[in-house]
Amino acid sequence: MNLLTTEQAAKFIFGPDGKKGTLEQWRYRKVGPKFRKVGKLVRYAEADLVEYLDQQARTGTSHQNLQTY
């Protein structure tokens with residue numbers, strides 16, 4: 001299992017400009033990808049990040065396939 005720091009996970013999800021603050025807020029709000037606590041350290045499994053990104057796949061931009069016009 002490949003474990004990433006918060007900074008590494010942010011770059012994995014958001015690209016080179018990824019900010020760890022977003023993931024910290026998501027943890028606080030209990031949203032976003034799964035994470036693990038190893039003592040005081042927070043770690044993200046690369047497989048969990050891939051799974052989270054797969055769950056974000058959409059086929060359109062409307063909310064719940066409702067018409068917005």
Side-chain angles (χ1 to χ4, degrees):
M1 178 184 307
N2 190 20
L3 295 177
L4 305 176
T5 66
T6 302
E7 292 162 347
Q8 292 168 325
K11 290 178 191 288
F12 186 92
I13 292 176
F14 305 115
D17 294 330
K19 304 283 188 234
K20 71 177 193 165
T22 301
L23 290 177
E24 291 167 346
Q25 282 295 313
W26 286 358
R27 284 197 310 267
Y28 176 77
R29 294 175 32 215
K30 298 181 178 164
V31 299
K34 294 181 218 173
F35 64 93
R36 288 160 173 75
K37 289 284 289 205
V38 182
K40 293 181 178 182
L41 304 174
V42 174
R43 295 293 182 258
Y44 291 86
E46 195 170 302
D48 290 337
L49 297 176
V50 170
E51 178 183 338
Y52 174 76
L53 290 173
D54 286 344
Q55 292 171 353
Q56 304 310 306
R58 302 288 186 264
T59 58
T61 57
S62 66
H63 297 290
Q64 300 175 350
N65 296 325
L66 300 174
Q67 291 181 341
T68 57
Y69 53 89

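- Grouping Ile, Leu, Val, Met, Phe, Trp and Tyr by side-chain contacts under 4.5 Å, direct or through others, puts Met1 with Leu3.
- Every residue meeting the side chain to side chain contact (heavy atoms under 4.5 Å, CB included) condition with Asp54, not counting sequence neighbours, appears here in chain and number order: Val50.
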Ignoring hydrogens and angles, write down the donor-acceptor pairs under 3.5 Å from the side chains of residues 20-30, residues two or more places apart or on other chains.
unit_1	atom_1	unit_2	atom_2	d
Arg27	NH1	Thr6	OG1	3.3
Arg27	NH1	Tyr44	OH	2.9

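- Both Val31 and Tyr52 are assigned to one and the same hydrophobic cluster, defined by single-linkage of ILVMFWY side chains at heavy-atom distances under 4.5 Å.
- Shown here are the side-chain hydrogen bond (donor to acceptor under 3.5 Å, both in side chains) partners of Gln56, two or more places apart in sequence or in another chain: there are none.
- Lys37 is listed as a side-chain neighbour of Val42, based on a closest heavy-atom distance under 4.5 Å.
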Side-chain donor-acceptor pairs under 3.5 Å in residues 7-16, sequence neighbours left out?
unit_1	atom_1	unit_2	atom_2	d
Gln8	OE1	Thr5	N	2.8
Gln8	OE1	Thr5	OG1	3.3
Lys11	NZ	Pro16	O	3.4

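- Every residue was checked against the side-chain hydrogen bond (donor to acceptor under 3.5 Å, both in side chains) condition with Asp17, not counting sequence neighbours, and none meets it.
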